[in-house]
Amino acid sequence: MEHMDQTWQVTAAIIVFLFTYSIIITEKMNRAVIALLGAVVMLILHIVPVEIAFTKHVEWNTIFLLIGMMILVNIANKSGIFQYVAVKAAQQAQGRPIRILIIMSSLTALGSAFLDNVTTVLLMVPITFSITRILQINPVPYLIAEIISANIGGTATMIGDPPNIMIGSANKHLTFNMFLQYLAPVTIVIMVVVLLVLVLIYRKQLQVGEKQKEALMELSAKDYITDKRLVMKSITVLVMTITGFALHSVIHIEPSVIALAGAAILLCTQSEREIEEAFSHVEWVTIFFFIGLFILVGGLVEVGIIEQLARLTLDVTKGDMLNTTMFVLWVSGIASATIDNIPFVATMIPLIQDVGVQMGVTDPNETNVLWWALALGACLGGNGTVLGASANVIVSGMAKRENKGFSYWEFLKIGAPITLLSLLIATVYLFLLVG
């Protein structure tokens with residue numbers, strides 16, 4: 001009887017997940033609403049117990065990090081500081097759209113390595129909209145390039161992407177410097193190749209008349225500053241917040257708490273009307289979409305589907321280190337493109353630890369290559385679809401709000417080939433590492 005009950009739950013979880021996911025892809029309904037409906041069905045059918053859904057599966061750290069940074073960035077944006085930076089950056093590139101794409105993408109990748117990719121895109125997107133408005137060009141190529149750069153850049157360090165933070169936390173012998181040593185070089189190579197590909201894809205779209213270039217070069221960046229006092233307050237709080245993120249491993253305060261502290265400090269300087277306005281500018285659709293998605297994937301975790309997939313991964317490779325490494329890379333890459341990489345990585349960590357035991361490995365450093373494979377697969381795979389990583393969903397939501405949205409398929413056409421290319425470069429790198 002219990003077995004039948006379990007089988008029914010597994011079937012129900014798969015049906016609910018696939019049905020919800022397929023409607024999200026068609027974009028016929030608001031994705032936050034459909035994700036929440038799918039989550040509610042998971043809860044009503046007791047596939048995920050309510051307490052476990054809210055205590056284990058919803059990543060509140062991610063949710064509150066987003067809310068904190070959205071409030072912070074929105075208040076800072078009113079001062080004109082992002083527009084100032086935008087004009088300066090565009091003038092440095094002499095108003096050339098391709099050059100601007102390279103500069104913005106490189107800044108996003110660098111920021112994502114030392115902040116996290118979510119915070120970085122929340123800072124970069126308002127700047128991007130400002131530049132594209134001045135040049136009167138479509139911001140979508142820039143937004144897609146920034147999403148891809150954020151996920152690649154986040155791969156380089158232990159604090160750049162949630163999967164890396166989880167891997168580092170679970171393996172005390174993997175230090176911040178080891179992540180830099182083993183992941184940063186291949187990340188730089190991938191970034192250079194991907195930038196070349198993006199330039200080739202978008203070079204015909206990114207054309208600007210001499211008139212727009214001249215108009216840009218004639219602008220005075222200082223004119224965009226609307227409130228000098230707010231600029232000083234915003235910069236001070238942003239620098240404090242970013243320093244807090246960088247020192248996260250030393251001060252042992254969660255990034256979400258640091259972001260909320262920054263938002264609260266800046267809110268203290270605002271009037272009652274401005275505070276209400278700041279809260280109204282939080283991307284609530286994105287926030288609730290995340291909550292729904294976390295519970296949906298939690299359903300797959302609860303009935304053991306993700307664990308079964310992970311075990312299958314390790315059974316197929318018969319304990320050979322090279323085979324296991326390649327399998328972990330590609331399965332992580334493909335899985336992270338379709339579901340959120342956080343629960344997948346959470347399931348893979350104990351299983352990779354088990355593999356080491358089954359292989360009779362006594363020195364944990366002997367299985368390090370498996371951890372690098374998991375990190376590369378989970379982080380790079382996030383570029384596969386618009387649902388693959390947090391940064392993707394956030395940028396997509398912000399673009400919709402500006403009426404510059406892009407569809408699931410529009411992103412897929414660019415993201416999927418770039419993910420395959422990135423994983424191929426990672427394959428060569430890991431092959432050399434194992435060899």
Should E146 and S105 be marked as a side-chain hydrogen bond (donor to acceptor under 3.5 Å, both in side chains) after you check the CA-CA gap, both sets of side-chain angles, and the distance that decides it?
-> CA-CA 5 Å; E146 282 162 21; S105 300; over 6 Å; no

Chi angles and distances behind the side-chain contact (heavy atoms from CB on, under 4.5 Å) call for I242, L123 | CA-CA 11 Å; I242 290 166; L123 293 170; 4.3 Å; yes

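Using modelled atom types and a 3.5 Å distance limit, the side chains of W330 and T427 yield a donor-acceptor pair. A donor and an acceptor atom, one from each side chain of N368 and N365, are located under 3.5 Å apart. No hydrogens or angles considered: nothing links the side chains of N117 and S112 as a donor-acceptor pair under 3.5 Å. For the 3.5 Å distance criterion, the side chains of S149 and T108 fail to qualify, holding no donor opposite an acceptor. A donor-acceptor contact closer than 3.5 angstrom links the side chains of Q270 and K78. Counted by atom type alone, H57 and E302 present one or more donor-acceptor pairs between their side chains at under 3.5 Å.
Distance check, rounded to the nearest 0.5 Å: CG of L423 to CG of N383 gives 9.5 Å.
Under a cut-off of 6.0 angstrom, the local environment of OH in Y182 is sparse, with at most 12 non-hydrogen atoms contributed by other residues, nucleotides or ligands. More than 12 non-hydrogen atoms from other residues, nucleotides or ligands lie less than 6.0 angstrom from CZ of F176.
Across every non-hydrogen atom of L45 and A12, the tightest pair is CD1-CB, 4.3 Å. The two residues K404 and V140 make their nearest non-hydrogen contact at O-CG2, 3.4 Å. T325 and A373 get closest at one heavy-atom pair: O-CB, 3.5 Å. Scanning both residues, I147 and A391, for their nearest heavy atoms gives CG1-O, 4.4 Å.
Ring geometry for W284 versus F288: interplanar angle of 30 to 60°, hence tilted.
No side-chain heavy atom of Y21 sits less than 4.5 Å from a side-chain heavy atom of L296. Within the 4.5 Å cutoff, side-chain heavy atoms of I291 are placed close to those of I63.
Less than 6.0 angstrom separates the ring centroid of F179 from the ring centroid of W372.
Classification of E283 and K400 as a salt-bridged pair fails, no side-chain N sitting under 4.0 Å from a carboxylate O.
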